[in-house]
Amino acid sequence: MAKIEISEKLKEDIFKKFKKESKEIFDLMYSLRDNPKKGKEIGHVSGILIKELKYKSFRFYFVTNGYQLRIFDSNELQNIIIKFMRMSDKKSQQKTIDEIKHILRSLGERGFE
């Protein structure tokens with residue numbers, strides 16, 4: 001089972017924006033515990049894989065160690081950490097992706113730990 005981490009800022013944004021629907025969103029995020037390969041791959045930086053989950057017209061971005069995610073089968077994914085970082089709507093999707101990539105390039109893999 002993979003470990004899911006959600007940034008405090010993202011939690012606040014989800015509660016503020018979605019109110020009652022926030023439970024559905026967190027359930028969607030925590031569903032990655034059992035199926036960490038879920039989500040659309042949108043890029044990678046220095047071995048860190050950037051993926052997104054969609055909920056209606058919103059996207060929730062997370063990062064994980066791409067190397068581990070690709071080579072291990074579902075029984076060996078216990079050491080995977082999945083960090084949710086940001087969300088966006090369709091209009092600001094590319095801007096958000098570029099910001100995540102910039103942050104990861106600046107911090108490197110140390111920012112992921």
Side-chain angles (χ1 to χ4, degrees):
M1 184 180 288
K3 181 180 177 186
I4 307 297
E5 295 180 0
I6 304 170
S7 73
E8 289 300 317
K9 172 85 169 93
L10 181 57
K11 284 181 186 177
E12 291 172 12
D13 291 345
I14 290 170
F15 284 126
K16 185 178 177 180
K17 181 94 177 157
F18 297 100
K19 299 189 182 9
K20 292 180 183 177
E21 288 180 283
S22 62
K23 182 179 180 343
E24 291 178 49
I25 293 166
F26 288 119
D27 287 344
L28 175 66
M29 290 175 168
Y30 285 114
S31 72
L32 290 173
R33 284 180 180 156
D34 299 319
N35 187 7
K37 295 184 179 185
K38 191 178 192 181
K40 180 181 175 186
E41 185 177 329
I42 55 173
H44 64 279
V45 175
S46 301
I48 299 173
L49 186 62
I50 305 168
K51 295 181 85 175
E52 72 177 7
L53 281 178
K54 291 195 317 189
Y55 177 80
K56 297 184 179 179
S57 65
F58 289 88
R59 276 94 171 123
F60 297 91
Y61 301 98
F62 61 96
V63 295
T64 190
N65 184 322
Y67 176 72
Q68 287 180 331
L69 194 60
R70 288 193 179 122
I71 64 165
F72 292 145
D73 65 22
S74 58
N75 296 328
E76 299 174 309
L77 291 172
Q78 297 168 355
N79 297 326
I80 298 285
I81 297 174
I82 297 172
K83 277 191 175 179
F84 279 89
M85 303 173 68
R86 299 272 174 100
M87 76 175 195
S88 74
D89 57 8
K90 183 67 178 164
K91 292 179 189 175
S92 61
Q93 181 179 9
Q94 190 59 52
K95 180 182 174 196
T96 304
I97 292 168
D98 291 341
E99 286 175 4
I100 292 170
K101 286 181 178 180
H102 176 73
I103 290 168
L104 291 174
R105 285 185 189 115
S106 298
L107 297 176
E109 289 193 45
R110 290 174 293 138
F112 181 67
E113 296 174 357

Within this structure, what is the CZ-CZ distance for the pair F18 and F58, rounded to the nearest 0.5 Å? 4.5 Å

CE-OG1 distance between M85 and T96, expressed to the nearest 0.5 angstrom: 11.0 Å

Begin with the C-alpha distance, continue with both residues' side-chain angles, and end with the deciding distance and a verdict on side chain to side chain contact (heavy atoms under 4.5 Å, CB included) for I14 and M29. CA-CA 12 Å; I14 290 170; M29 290 175 168; 3.5 Å; yes

Heavy-atom nearest pair, G39 first then L53, reads CA-CD2, 3.9 Å

Test Y61 against I42 for side chain to side chain contact (heavy atoms under 4.5 Å, CB included), laying out the working first. CA-CA 9 Å; Y61 301 98; I42 55 173; 3.4 Å; yes

When you measure from the side chain of K83 to the backbone N and O of S7, does any donor-acceptor pair fall under 3.5 Å? no

Tell me, which pairs form a salt bridge (charged side-chain N to carboxylate O under 4.0 Å, His left out) where one or both residues lie in residues 52-64, sequence neighbours left out? E21-K56

Could you check H102 against D98 for side chain to side chain contact (heavy atoms under 4.5 Å, CB included), going step by step and ending with a plain yes or no? CA-CA 6 Å; H102 176 73; D98 291 341; over 6 Å; no

For the NZ atom of K17 and the CD atom of E12, what is their distance to the nearest 0.5 Å? 15.5 Å

Any side-chain heavy atom of L32 within less than 4.5 Å of one from F62? yes

Rounded at 0.5 Å granularity, tell me how far NZ in K3 sits from CD1 in I82. 12.0 Å

Note: Q93 and S88 closest approach over all heavy atoms is CA-OG, 3.6 Å

Atom CE in M87, atom CD1 in I6: separation rounded to 0.5 Å? 12.5 Å

Got a second to check how far L10's CG is from I25's CD1, nearest 0.5 Å? 9.0 Å

Hey, do the aromatic rings of F26 and F60 have their centres closer than 6.0 Å? no

Quick one: are P36 and T64 in side-chain contact, heavy atoms under 4.5 Å? no

Do the side chain of S92 and the main chain of K95 share a donor and acceptor less than 3.5 angstrom apart? no

What do the steps show when you test R86 against I103 for side chain to side chain contact (heavy atoms under 4.5 Å, CB included), and what is the final call? CA-CA 12 Å; R86 299 272 174 100; I103 290 168; 3.4 Å; yes

Output all residues satisfying salt bridge (Lys or Arg N to Asp or Glu O under 4.0 Å) with D13, sequence neighbours left out; order by chain, then residue number. K9

